[in-house]
Amino acid sequence: MFKKIMKGGHRKPSKSEANEPSSYGIGPPARSGPGSNVVVSHASRGALVPSSPSPVTATPPPPPIGSVEPLPLFRDVPVSERQTLFLRKLQNCCFQFDFTDTIKNAREKEIKRQTLLELVDFIQSGASKISESCQEEMIKMISVNIFRCLPPASHENTGQEPADPEEEEPYLEPSWPHLQLVYELLLRYVVSTDTDTKVAKRYIDHSFVLKLLDLFDSEDPREREYLKTILHRIYGKFMVHRPFIRKAINNIFYRFIYETERHSGIGELLEILGSIINGFALPMKEEHKLFLIRVLIPLHKPKPIAIYHQQLSYCVVQFVEKDYKLADTVIRGLLKYWPVTNCMKENLFLGELEEILEATQPVEFQRCMVPLFQQIGRCLNSSHFQVAERALFLWNNEHIVGLIAQNRSVILPIIYPALEKNIQSHWNQAVHGLTANIKKMFMEMDPELFEECQRQYEEKQAKSKEVEEQRQYTWKRLAQAAAERDGGGREREEEDHMITS
């Protein structure tokens, strides 16, 4: 694996604008505990500048050795002095340290870590409600610690395509021992019942949320997990921010689809949206349908879809389950972006298609069944046996078989040639056996229709064979005529040569 090399340039942050207000539902958040013991030998990554200059996020220089001193515990001071102590602890936590050198400032790093733990416990315990000024300073401290330009990703240094995250060891943020506690502090503040949204929204504003979204491009999966949970909680608690958050997420998706095709946090953002979609009220609003058409369906286009396909598929299926009339739109959207040469993507699409068809009603199925089974027929004849097998496995689903049985007079004539071609010439024995089972299923389902399709196929094959024979005969005659012409020309040349001589 290539080492990561620092680059001089910084990433340009994404821009967002406020959207018109509307009410999105939100489901229960899902938060898995961060943590990883993976050790990698990446080059160290320096401290970075926030997306826009602001005194809130200005990073203080490392403190002189000995300037960060431990402060008393909250329980050791009177209640009246705890707010002041809280502010002093926040000031201690504003200093930044170089984690690429584990020995440098070791004592000060430990003091800051212990201080952050105390702040988390203080907020979580709810022993004392913090003042507005303390809340403002706390958000400033959090901003100083978490908002930074992200280091260049591996593909930016090597020029290679982004690797599969399951195959490549993830980059781990060196300052995570402090960063994790800062994220934990922010999470406890957001979810605390003592946090008044009318006050908190002054500090957790649009600028704060936008910078939080920029951090989703972090390569550290632990950081993205925290960001996912925090943004989900902010979306649930701060209703005033919901339109802005939706539009900002959409802008990230648009840039990913149509410009870069590179972003580390698409899966986490889709997880948040999956929970939001789960809470949609019916009838579904037009803006929600536009989000499906303009964002979710085009997300099937980028090459790295395997990284986030599970979350994307969940979101799409949620739409169909909420409103079955969207099935035709979704299936035609899948067909539009169906891969031509990427067998791995074809398998993913076939898996998603099965889930969508399970939620599809007969009326919607009839609208798209012709182009759908034309594509399935092409998959049945794929030389890649996994694609052919996955397409044949659709007949293991009882609901899909029921839909096919109701419309067999249209579907069987479309796919019969593909089934017959597999029986005659497919190289894989498993595909051959599954195809034979499906032919038998159709034969038992409607013998007369099966025989008619078989007769039409044989007539078509005989006609094709006749056309091919005629074509070969025509070419043979042309070749003979050309040979005769060449032979006659040579004879005349010889006669002319003899006369002249």
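As the structure is a computational prediction, the values presented were derived from the model and not from experiment.
Remark: K228 engages E225 in a salt bridge, criterion side-chain N to carboxylate O under 4.0 Å. Looking at E364 and R367, a side-chain N of the basic residue comes within less than 4.0 Å of a carboxylate O on the acidic one, giving a salt bridge. E261 has no carboxylate O lying under 4.0 Å from a charged side-chain N of K301, or vice versa, which leaves the two without a salt bridge. R148 and E173 are joined by a salt bridge, as a carboxylate oxygen and a charged side-chain nitrogen come within less than 4.0 angstrom of each other. Comment: E287 does not engage R242 in a salt bridge, judged by the lack of any side-chain N to carboxylate O separation of less than 4.0 angstrom.
Taking every heavy atom of both residues into account, L270 and C315 meet most closely at O-SG, 3.3 Å. When all heavy atoms of Q318 and N278 are compared, the pair lying nearest together is OE1-OD1, 3.2 Å. Nearest heavy atom pair, residue F385 against residue V431, reads O-CG2, 3.9 Å.
Contact of the L231 side chain with the I249 side chain is registered, since non-hydrogen atoms from C-beta on lie closer than 4.5 Å. Within the 4.5 Å cutoff, side-chain heavy atoms of Y254 are placed close to those of R294. Looking at heavy atoms from C-beta onward, L179 lies out of side-chain contact with Y226 at the 4.5 angstrom threshold. In this structure, the side chains of L273 and V295 stay at 4.5 Å or more apart for every pair of heavy atoms. In this structure, the side chains of D323 and H288 stay at 4.5 Å or more apart for every pair of heavy atoms. Contact of the L215 side chain with the L150 side chain is registered, since non-hydrogen atoms from C-beta on lie closer than 4.5 Å. With contacts defined as side-chain heavy-atom distances shorter than 4.5 Å, the pair K439/E420 qualifies. You'll find the side chain of I142 stays beyond 4.5 Å of the side chain of Y203, heavy atoms only.
R408 contributes a side-chain N or O that, together with a main-chain N or O of A405, makes up a donor-acceptor pair within less than 3.5 Å. Between the side chain of D217 and the backbone N or O of H263 there is no donor-acceptor pair closer than 3.5 Å. The closest donor-acceptor contact from the side chain of H399 to the backbone of L357 lies under 3.5 Å. Of the possible donor and acceptor atoms, one in the side chain of H241 sits under 3.5 Å from a partner among the backbone N and O of I204. Judged purely by atom type and a 3.5 angstrom limit, R224 uses its side chain to pair as donor or acceptor with the backbone of S218. Proximity of a side-chain donor or acceptor of K201 to a complementary backbone N or O of F238 within less than 3.5 Å is not detected.
Pairs of residues two or more places apart, or lying in two chains, that qualify as side chain to side chain donor-acceptor pair (under 3.5 Å) and include a residue from residues 347-356 are H300-E352, H309-E352, E354-R390, E354-N397.
Screening F450, F442, F373 against Y416 for a ring-ring contact (aromatic ring centres under 6.0 Å, His included) leaves a single residue, F450. Of the residues I376, I414, L335, I331, the one that meets the side-chain contact (heavy atoms from CB on, under 4.5 Å) test with P371 is L335.
Here the straight-line distance linking atom CG of L312 with atom CG of L296 works out to 6.0 Å at 0.5 Å rounding. Atom-to-atom distance recorded for S382:OG and L392:CG is 10.5 Å, nearest 0.5 angstrom. Remark: L186 CG to M141 CE distance equals 9.5 Å, nearest 0.5 Å. The CD1 atom of I234 lies 9.5 Å from the CG atom of L187; values are rounded to the nearest 0.5 Å. Note: L334 CG to T329 OG1 = 11.5 Å, rounded to the nearest 0.5 Å. To the nearest 0.5 Å, atoms CD1 (I123) and CE (M138) are separated by 4.5 Å.
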Exercise. Under the side chain to side chain contact (heavy atoms under 4.5 Å, CB included) criterion, do I272 and I276 qualify, and how do the steps go?
Worked result: CA-CA 6 Å; I272 297 171; I276 294 171; 4.0 Å; yes
For this session: Take F319 and F280, measure what ring-ring contact (aromatic ring centres under 6.0 Å, His included) needs, and give me the verdict at the end.
Result: CA-CA 9 Å; F319 267 100; F280 280 170; 5.8 Å; yes
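At a cut-off of 3.5 Å, with distance as the only test, a side-chain donor of H232 or S275 sits close to an acceptor on the other residue. Counting only N and O atoms by type, the side chains of E271 and Y314 include no donor and acceptor under 3.5 Å apart. R246 and Y235 share a side-chain donor-acceptor pair at under 3.5 Å.
Checked against the 6.0 Å centroid criterion, the rings of H206 and F244 qualify as a close aromatic pair.
Atom CD of Q310 has 12 or fewer neighbouring heavy atoms from other residues, nucleotides or ligands inside a 6.0 Å radius. The number of heavy atoms from other shown groups lying within 6.0 Å of CD (E398) does not exceed 12.
Taking T195 as the reference, Y189, S192, A200, K237 meet the side-chain contact (heavy atoms from CB on, under 4.5 Å) condition, with sequence neighbours excluded.
K109 forms a cation-pi arrangement with F99, by the criterion of a distance under 6.0 Å to the ring centre and an angle within 45° of the ring axis.
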